[in-house]
There are 4 protein chains.
Amino acid sequence: MLPRINPTKSEPIYIQLMNEIKYSIAGGMTEPGELLPSVREMALKLRINPNTVARAYRELEHEGVVITRAGKGVFVSEARRNPDKRRALVEIKNVLDGILVDAFHRGVSVEEVRELLDGRIENLNKTRAK
Amino acid sequence: MLPRINPTKSEPIYIQLMNEIKYSIAGGMTEPGELLPSVREMALKLRINPNTVARAYRELEHEGVVITRAGKGVFVSEARRNPDKRRALVEIKNVLDGILVDAFHRGVSVEEVRELLDGRIENLNKTRAK
Amino acid sequence: MLPRINPTKSEPIYIQLMNEIKYSIAGGMTEPGELLPSVREMALKLRINPNTVARAYRELEHEGVVITRAGKGVFVSEARRNPDKRRALVEIKNVLDGILVDAFHRGVSVEEVRELLDGRIENLNKTRAK
Amino acid sequence: MLPRINPTKSEPIYIQLMNEIKYSIAGGMTEPGELLPSVREMALKLRINPNTVARAYRELEHEGVVITRAGKGVFVSEARRNPDKRRALVEIKNVLDGILVDAFHRGVSVEEVRELLDGRIENLNKTRAK
DNA sequence: GTGGTCTAGACCACT
DNA sequence: GTGGTCTAGACCACC
């Protein structure tokens, strides 16, 4: 569980950290119930501000991905909070539209996008298999 | 060519406008060589500030999507500037990873993502067919 | 004497035309005393607005490069108006500074700039030799 | 790092500022990784609008000369983005042509241009030596 | 008519 | 504290 952070990217660091943690869970590398590194420990490892780590954990809790127990630490949620799937589908749809348009303007065909997606799915399943 | 803008969204207005225009071109609704509405006209239609439209046009020119001729107006590029396809593929790959992870955490399966993509491709081609 | 104009460039058309004419004179392809194409003829050839050609001729006259004789046409100046050489040197110096800095930031060494300059001098003399 | 700006010149202020910063980097007076003055600070020093400074910084980022980190500031790029050198050479060639023609029409010989260039190269290297 | 620049000043997000 | 966005309104150059 050592996320990769790129402080130069325009994407906020706390968002990058959230995504890394979510990726780790989706890929099965971090399991429900598992204890995440403490705010300070994570901040030290990544050489970022503890406030930034705290913010990431706070937002993850808000999304129902983790649960913080006072004096104990931050744990990956056991039960998933019932997510609003309809909303998720709409948002994913929008991002996909954005990808297709961007691809077009950069000389990438829809078929290539489809192949890329298949590749990424395979890749994600592979880490889960481990 | 009447983009839809949502000023309440966190996404900057000028980015939304850029995406709407790129979508319109990718879908074939706006063709190469075509003259876009003037900065002032577009600003009036969308009820936003002319500077915001100008910013969108400027960035699109930077991307090679449009060409502005002083005193004439802003036109959709005829020839595409040779895009860095390798870089595009890497970036698209990253966005797809993000989608898959997000989908997982919101109860959407990879198959559903695949179906969504197919749906969006069909939708884009439909507008082009017209 | 058929200048090349690129309407898509950000550089104003009338400036481009001025430069083409000056280049033609500097290279010896157009000689002092020679009659330039009329405003209308030039405009037709280049497919640009006659006002734009007129503006170029007007500015060239202002610089002492051409002389317009009412009812006769526009001629290349025989005698050079005494130019302000000191000022010219300062301005050229500034442009050279700009080139060197730009070159640095684009991976081009000063030696390469020097070689480029020598090449361009040779090229200009060649056309003059013809 | 205190650029000189001339608001009366026809050259846009933000372009002048960009060039001053690039000159400072090319001359070695400002080094990779260094933090530039904040937008507000620079605006105060130069007595120009913060938006104008922001525009200069934004365009420099676009060119890969600086990197901005939200909430931190704007830094000089460490690694140069691989520039398109071939294109750079062509463009520099064109500017050199323009200089030679301009020089001719203002009574400045090619030898003098060559000497000017050598002088500017020396000048740039001098600041770097410090 | 067109786009381009600049100013003044407000509000927001990130660290 | 930092940069980013947006508005309102003025002025200029080009066609």
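Lettering of chains follows the sequences in order, A, B, ..., and the numbering in each one begins at 1. Note that the structure is predicted; figures quoted are calculated from it, not measured.
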Checklist entry - Between A:Arg106 and A:Asp102, is there a side-chain N and carboxylate O pair less than 4.0 Å apart? => result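 The answer is yes: the pair qualifies as a salt bridge.
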Next on the checklist: At a heavy-atom distance below 4.0 Å, which nucleotide of DNA chain E is the first touched by chain D, and which is the last?
Outcome noted: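 For DNA chain E, the relevant span reads E:dT5 to E:dT15.
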Checklist outcome for this item: Dot-bracket assigned to DNA chain F with the 3.5 Å Watson-Crick/G-U criterion, [ ] for crossing and | for other-strand pairs, is ||||||||||||||.
Checklist entry - At under 4.0 Å between heavy atoms, what does B:Arg58 touch on the DNA or RNA strands: base, sugar-phosphate, or nothing? => result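 No contact.
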Checklist entry - What does A:Asn49 touch in the nucleic acid at a heavy-atom separation under 4.0 angstrom: a base, only the sugar-phosphate, or nothing? => result nothing
Checklist entry - Between B:Ala54 and D:Lys72, which has a closest nucleotide on DNA chain E that is more 5'? => result B:Ala54
Would a 4.5 Å heavy-atom cut-off, applied to side chains only, mark [X] and [Y] as touching?
X       : Y        : value
C:Lys22 : D:Phe104 : no
B:His62 : D:Glu59  : yes
C:Leu35 : C:Val74  : no
A:Arg55 : A:Asn51  : no
A:Val39 : A:Tyr57  : yes
C:Leu96 : D:Ile99  : yes
D:Leu17 : D:Thr52  : no
C:Val65 : C:Val76  : no

Checklist entry - Given that B:Gly71 and B:Asn51 both sit by DNA chain F, which one's nearest nucleotide is further toward the 5' end? => result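 This one resolves to B:Asn51.
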Checklist outcome for this item: In whole angstroms, the gap separating P of F:dA13 from CE of C:Met18 amounts to 15 Å
Checklist entry - Which residues in residues 5-13 of chain D have at least one heavy atom lying under 4.0 Å from any atom of DNA chain E? => result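 D:Pro12, D:Ile13 - these, ordered by number, are the residues of the stretch whose heavy atoms sit under 4.0 Å from the strand.
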Item to check | N/O donor-acceptor pair under 3.5 Å between C:Ser77 side chain and C:Gly64 backbone | outcome: yes
Checklist entry - Can you tell me if B:Glu34 uses its side chain to pair, donor with acceptor, with the backbone of B:Glu31 under 3.5 Å? => result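 At least one qualifying donor-acceptor pair exists.
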